[in-house]
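Okay, so here's the structure we're looking at.
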Amino acid sequence: MRKMSRKTFIGSLAALGGGPADLLLARLNIPGRPLDPASLRAIGRVVLPSALGAPGVDRVVASFLMWVRNYHTGAEVLHGYGTAELTSTPEMPVRRWAGQLHDLDEVARATHGKPFTRLTVEARETLIRNALKDQRVQVVTVPVEAEHVIAALVSHFVSSAEARDLCYGAVIGKERCRPLGTGPNRPPRRTS
Amino acid sequence: MTRVVEADICIIGSGISAAMVAEHVAEDRVARIVVVEAGGEVPPLAARYALRQRFLDYGETPWPKDHIEELTATGPLQSRSMCVGGLAMHWGGVTPRFSPEDFRLQTLYGVHADWPIGYDDLDPFYQEAEVRLGVAGEQGPPELDPRGKPFPMPALPLTYNLALLKDWAANAGIPMWSQPSAKNSIPYHGRAQCCRNDTCFPICPVGAKYSPDFTWNALRKSRRVELVTRTLVRRLIPAAGSTRIERAVGISLDDRAVPIEFRAKTFVLAGGYVWSSYLLLLSQSSRFPNGVANSSGLVGKYLTGHRNVQAFVKLPMQLYPGINEQHSLVTKKFMRPAKGDFYLRHDLRIWESTVGAEPRLRDDSGGLLLGDGLLTDWQRRAERGTARVRAYYDVLPDQESAVALDASKRTPWGDPLPKLTFRDSPASIEARGPTEERIKSLFAELARAGKGEILRTMVDAFQDHPAGGCRMGHDPTTSVTDGYGRTHDHENLFVVGAPTCVSGSCANATLTFSALSLRSAAMIAEAFPHRTRPPRNT
Ligand SMILES: Cc1cc2nc3c(=O)[nH]c(=O)nc-3n(C[C@H](O)[C@H](O)[C@H](O)COP(=O)(O)OP(=O)(O)OC[C@H]3O[C@@H](n4cnc5c(N)ncnc54)[C@H](O)[C@@H]3O)c2cc1C
Ligand code: SF4
């Protein structure tokens with residue numbers, strides 16, 4: 001039997017259309033509509049701290065996209081303490097998140113005649129605030145549970161060691177391997 | 001055809017208790033030791049960094065398939081782990097001792113029951129367990145924290161945060177010290193020093209935290225122990241016309257069609273607090289209608305543990321959470337009930353915490369926080385530090401606090417599954433309200449002493465470090481085993497570790513399970529000849 005190339009295989013799934021194809025694509029972790037990195041960067045400049053600077057925001061977005069790409073639906077989750085229940089990772093709502101990016105762009109075009117990525121920071125902030133006005137956005141410890149892609153991006157960032165250090169103005173380096181002997185010292189000041 | 005495995009000693013289970021027994025006996029005695037473990041192998045140390053990363057990034061378990069789908073329990077099961085190394089593959093590695101009072105509750109306070117052994121009987125085995133596991137600890141005040149010999153390793157250093165929190169507790173009149181832990185403060189037994197990367201629970205990526213796989217790897221390498229995995233023992237069979245256990249029969253979970261049978265001089269049941277009693281109860285026959293080792297009717301009974309009250313206290317001090325969040329301070333000051341007071345014993349631990357200082361996307365009035373607004377709000381909330389304070393308190397078990405067989409739920413191979421019920425004794429039911437109130441008042445006092453405020457308080461209904469089910473005692477009518485874990489009914493059947501506990505104290509209990517197992521091991525070893533040269537001096 002001829003082996004189907006990965007690309008042909010995905011193409012034939014997409015041709016199925018609707019539910020089963022979406023499900024299979026999700027299982028393969030290939031979202032139907034990918035998250036647009038440029039839109040995420042444009043959002044990142046508004047929702048992430050300015051101290052990161054443009055390169056820092058780009059880095060966070062790249063890390064977020066990598067995180068999305070490497071996600072496995074249905075993976076075994078660490079079983080809880082004091083319970084017999086077993087759970088697995090839910091499907092990542094990439095389709096919804098991509099739709100939310102798409103919606104921002106649509107509104108930008110309708111109101112400013114330009115794509116979202118070409119708006120000024122102020123205009124982008126206004127649209128973001130409008131988009132989130134009625135949403136139950138919150139920082140979540142498990143970003144896959146974020147209702148909105150913006151909350152997922154922010155949650156991804158604030159759970160990082162870099163964000164913790166930025167908040168405390170110190171090099172704590174949480175969850176990294178550090179010499180045991182330096183634990184008693186006040187963490188050094190964060191410089192840049 | 002039945003596969004038959006012959007041994008001198010057959011150990012059922014490969015958790016920390018089994019590892020202690022196997023290592024102790026194999027080191028010193030000539031005996032063919034076979035260990036039967038229902039679960040499978042765990043990922044090697046070299047794979048653990050990557051597994052840890054997926055846990056941190058996605059919450060995936062770093063111990064995939066460490067459980068057996070078909071083996072579960074109704075009721076508050078501590079963990080689904082059934083694998084080589086058992087639950088201690090993802091334990092936190094916290095290893096306090098019980099206190100001397102624990103063993104004499106009836107004599108000293110007129111409650112529950114005394115153990116057939118005292119703290120002094122266990123002290124050398126505590127010491128041995130501390131050496132084998134590698135415990136880093138600081139001697140507390142000797143009157144509260146007596147010990148025959150120093151810890152084998154210096155204490156894990158107090159972090160910058162814990163040093164400040166220690167001063168805070170001292171201001172409130174509470175002496176605290178570094179929590180003893182089975183984590184390497186220096187390189188130890190060929191394992192790395194801790195690098196405080198803070199995922200002890202559920203996985204240490206460098207091997208600085210003790211887990212039983214290290215013991216099994218060494219024992220297998222030395223060919224002193226054979227480990228048979230993915231094999232579940234389903235029945236213990238006494239010999240005809242004798243009370244000695246002759247065989248342990250089971251199935252391979254990979255090939256259920258082939259029965260497997262273990263024949264040995266001595267059987268050691270090291271299945272933890274659920275599965276040990278479960279196997280004894282399952283082993284019913286016309287001669288032993290209530291299961292083996294159960295002439296007292298107490299197999300499965302008196303399950304014990306401790307509940308906790310915890311609070312988060314905001315304090316006017318700058319802390320830097322993340323230096324080593326899993327390390328804590330501990331005190332034993334409250335493990336001795338005050339004279340004339342109602343029966344109340346608890347421990348107290350303090351950790352750094354991020355509670356109340358989390359980043360957020362909406363402020364108190366619901367306004368959206370973005371970019372620098374989010375950071376400024378987060379920084380403002382983090383200006384004051386947060387301490388997590390927690391007290392485990394004694395819960396004395398009722399006889400009907402029990403593991404039982406549940407005929408309504410069965411494994412695919414037809415055995416009933418276990419059902420767990422935790423029930424306080426009438427005295428503990430009465431004391432519960434005042435106990436929890438007293439602990440909350442202590443937290444309030446602590447908060448006041450530091451000019452802090454309590455953010456929230458919680459009571460956890462789960463009884464931690466569960467134990468019991470085959471309690472030890474002198475009297476065969478009121479206990480299942482003697483003080484060495486030897487069952488009263490079958491001279492060659494030992495139950496070791498957690499199930500033999502008479503009460504659960506108010507401190508993490510695994511070091512005690514290990515010490516009890518080592519005391520059993522010393523007795524088990526006596527039936528076998530000495531090796532000429534012991535390989536390691538503990
Ligand atoms: C998340 C977590 C964190 C913890 N942290 C701490 C801590 O910091 N400090 C502390 O003191 N304690 C802690 N504990 C508790 C500690 O892990 C346990 O008390 C300890 O590991 C129990 O060891 P055990 O040998 O008694 O039993 P287990 O670890 O349960 O081992 C028993 C083994 O026997 C096998 N088995 C059972 N029946 C059979 C059979 N019939 N046939 C074949 N095999 C069988 C099982 O598969 C299992 O692997 C923690 C537990 C968890 C889950
Ligand atoms: S802090 Fe890290 S290195 Fe140290 S014992 Fe825990 S997991 Fe291992």
Side-chain angles (χ1 to χ4, degrees), chain A residues 45-51 67 70-72 75-86 88-89 121 125 128-129 132-133 136-139 141-142 144 150-151 154-155 157-159 161 163-170 172-187, chain B residues 54-67 69 72-81 90 156-160 163 185 193-199 202 205-206 318 320-325 327 354 357-362 368 370-372 374-375 378-379 382 460 462 464:
Chain A
R45 305 255 195 291
V46 175
V47 303
L48 297 174
S50 61
W67 175 81
N70 291 333
Y71 184 79
H72 298 161
E76 198 182 323
V77 166
L78 179 66
H79 42 73
Y81 186 82
T83 167
E85 203 186 332
L86 299 171
S88 51
T89 49
V121 169
E125 179 166 346
I128 286 171
R129 284 187 180 279
L132 299 183
K133 200 166 51 178
R136 231 176 28 95
V137 282
Q138 54 185 358
V139 166
T141 43
V142 187
V144 69
I150 294 175
V154 171
S155 299
F157 170 65
V158 297
S159 62
R164 177 81 62 93
D165 287 359
L166 180 61
C167 169
Y168 285 86
I172 303 171
K174 74 169 182 116
E175 288 157 0
R176 299 209 174 115
C177 291
R178 297 150 290 173
L180 190 62
T182 57
N185 306 338
R186 181 198 283 260
Chain B
R54 292 220 49 100
F55 163 71
L56 287 172
D57 292 346
Y58 302 105
E60 288 176 15
T61 178
W63 305 108
K65 298 192 170 52
D66 72 337
H67 57 277
E69 210 63 51
T72 183
T74 311
L77 185 68
Q78 186 182 20
S79 165
R80 285 296 297 267
S81 285
H90 47 152
L156 290 169
L158 290 187
T159 61
Y160 177 80
S185 59
Q193 183 186 38
C194 167
C195 59
R196 61 184 173 90
N197 61 19
D198 251 341
T199 51
V206 300
Q318 175 72 73
Y320 297 90
I323 302 182
N324 194 353
E325 277 186 67
H327 189 32
T354 54
E358 304 93 343
R360 52 188 190 169
L361 268 159
R362 288 205 188 277
L368 204 55
L370 299 177
D372 290 346
L374 180 145
L375 181 63
W378 188 11
Q379 286 170 329
D460 188 354
F462 181 74
D464 226 333

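Note that these values count all heavy atoms, side chains included, but never hydrogens, waters or copies made by symmetry. Residue numbers start from 1 in every chain, and the chains themselves are labelled A, B, ... in the order their sequence lines are given, proteins ahead of strands.
Residues B/Thr61 and A/Val77 fail the side-chain proximity criterion, which asks for heavy atoms closer than 4.5 Å. Contact of the A/His72 side chain with the B/Glu60 side chain is registered, since non-hydrogen atoms from C-beta on lie closer than 4.5 Å. Side-chain contact check for B/Arg80 versus A/Glu85: every heavy-atom pair is 4.5 Å or farther apart. Side-chain contact check for B/Gln318 versus A/Tyr168: some heavy-atom pair is nearer than 4.5 Å. Taking 4.5 Å as the limit, every side-chain heavy atom of B/Asn324 sits out of range of all side-chain heavy atoms of A/Arg178. Side-chain atoms of A/Pro184 and B/Thr159, non-hydrogen and from C-beta on, never get closer than 4.5 Å to each other. You'll find the side chain of B/Leu374 reaches within 4.5 Å of the side chain of A/Val158, heavy atoms only.
When all heavy atoms of A/Cys177 and B/Asn197 are compared, the closest pair comes out as SG-ND2, 3.2 Å. For B/Leu77 against A/Ala84, the heavy-atom pair with the smallest separation is CD2-CB, 4.0 Å. Between B/Gly322 and A/Ile172, the closest heavy-atom pair is C-CG2, 3.6 Å. Nearest heavy-atom pair, A/Thr182 versus B/Arg196, reported as atom, atom and distance to 0.1 Å: OG1-NH2, 2.6 Å. Of all heavy-atom pairs between B/Phe462 and A/Gly82, the closest is CE1-CA, 3.5 Å. Nearest heavy-atom pair across B/Leu375 and A/Cys167 is CD1-CA, 4.0 Å.
Annotation: maximal heavy-atom pairing with chain B below 4.5 Å, among A/Val47, A/Val139, A/Leu180, occurs at A/Leu180. Chain A forms the most heavy-atom pairs under 4.5 Å with one residue out of B/Thr74, B/Asp198, B/Asp460, B/Ile323, and that residue is B/Ile323. Contacts with chain B were tallied for A/Arg129, A/Arg186, A/Lys174, A/Arg176; A/Arg186 has the most, counting heavy-atom pairs under 4.5 Å. Taking chain A as the reference chain and counting heavy-atom pairs below 4.5 Å, the highest number among B/Ser79, B/Pro205, B/Pro64 is found for B/Pro64. With respect to chain A, the highest number of heavy-atom pairs below 4.5 Å among B/Pro157, B/Pro76, B/Pro62 belongs to B/Pro157. Of all the listed residues (A/Leu86, A/Val46, A/Leu48, A/Thr83), the one sharing the greatest number of non-hydrogen pairs under 4.5 Å with chain B is A/Leu86. Heavy-atom pairs under 4.5 Å with chain B peak, among A/Ala163, A/Gly169, A/Gly173, at A/Ala163.
A/Ser88 does not touch chain B: none of its heavy atoms, backbone or side chain, sits under 4.5 Å away. Residue A/Val144: no heavy atom, backbone or side chain, is found under 4.5 Å from chain B. Contact annotation for A/Thr89: only side-chain heavy atoms (C-beta onward) come within less than 4.5 Å of a heavy atom of chain B. At a 4.5 Å heavy-atom cutoff, the contact between A/Ala151 and chain B is made by backbone and side-chain atoms alike. Residue contact with chain A, scored on non-hydrogen atoms closer than 4.5 Å, involves the backbone of B/Ala73 exclusively. At a 4.5 Å heavy-atom cutoff, the contact between B/Phe55 and chain A is made by side-chain atoms alone. Interface residue B/Gln193: only side-chain heavy atoms are found under 4.5 Å from chain A. Using a 4.5 Å cut-off between heavy atoms, B/Thr354 contacts chain A through its side chain alone, with no backbone atom that close. In this structure, chain A has heavy atoms under 4.5 Å from both the backbone and the side chain of B/Pro321. For a residue to count as touching a neighbouring chain, one of its non-hydrogen atoms must lie under 4.5 Å from one of that chain's; by this rule A/Ala170 touches chain B with the side chain only. A/Leu132 touches chain B through backbone and side chain together, each having a heavy atom under 4.5 Å away. Only the side chain of B/His90 comes within less than 4.5 Å of a heavy atom in chain A; its backbone stays farther off. Contact annotation for B/Pro202: only side-chain heavy atoms (C-beta onward) come within less than 4.5 Å of a heavy atom of chain A. Contacts of A/Glu175 with chain B are made by both backbone and side-chain atoms, with heavy-atom separations under 4.5 Å. Of the atoms belonging to A/Val137, heavy atoms from both backbone and side chain fall under 4.5 Å from chain B.
Residue A/Asn70 holds its CG atom at 8.5 Å from CG of B/Asp57, rounded to the nearest 0.5 Å. One distance of note links CG of B/Leu361 with OG of A/Ser155; it measures 6.5 Å at 0.5 Å rounding. Note that CZ of B/Arg362 and CD of A/Gln138 are 9.5 Å apart. Values are rounded to the nearest 0.5 Å.
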- Task: Just do the salt bridge (Lys or Arg N to Asp or Glu O under 4.0 Å) check on B/Glu358 and A/Arg164 with the steps written out, would you?
- Result: CA-CA 10 Å; B/Glu358 304 93 343; A/Arg164 177 81 62 93; over 6 Å; no
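Judged purely by atom type and a 3.5 angstrom limit, B/Gln78 has no side-chain atom pairing as donor or acceptor with the backbone of A/Tyr81.
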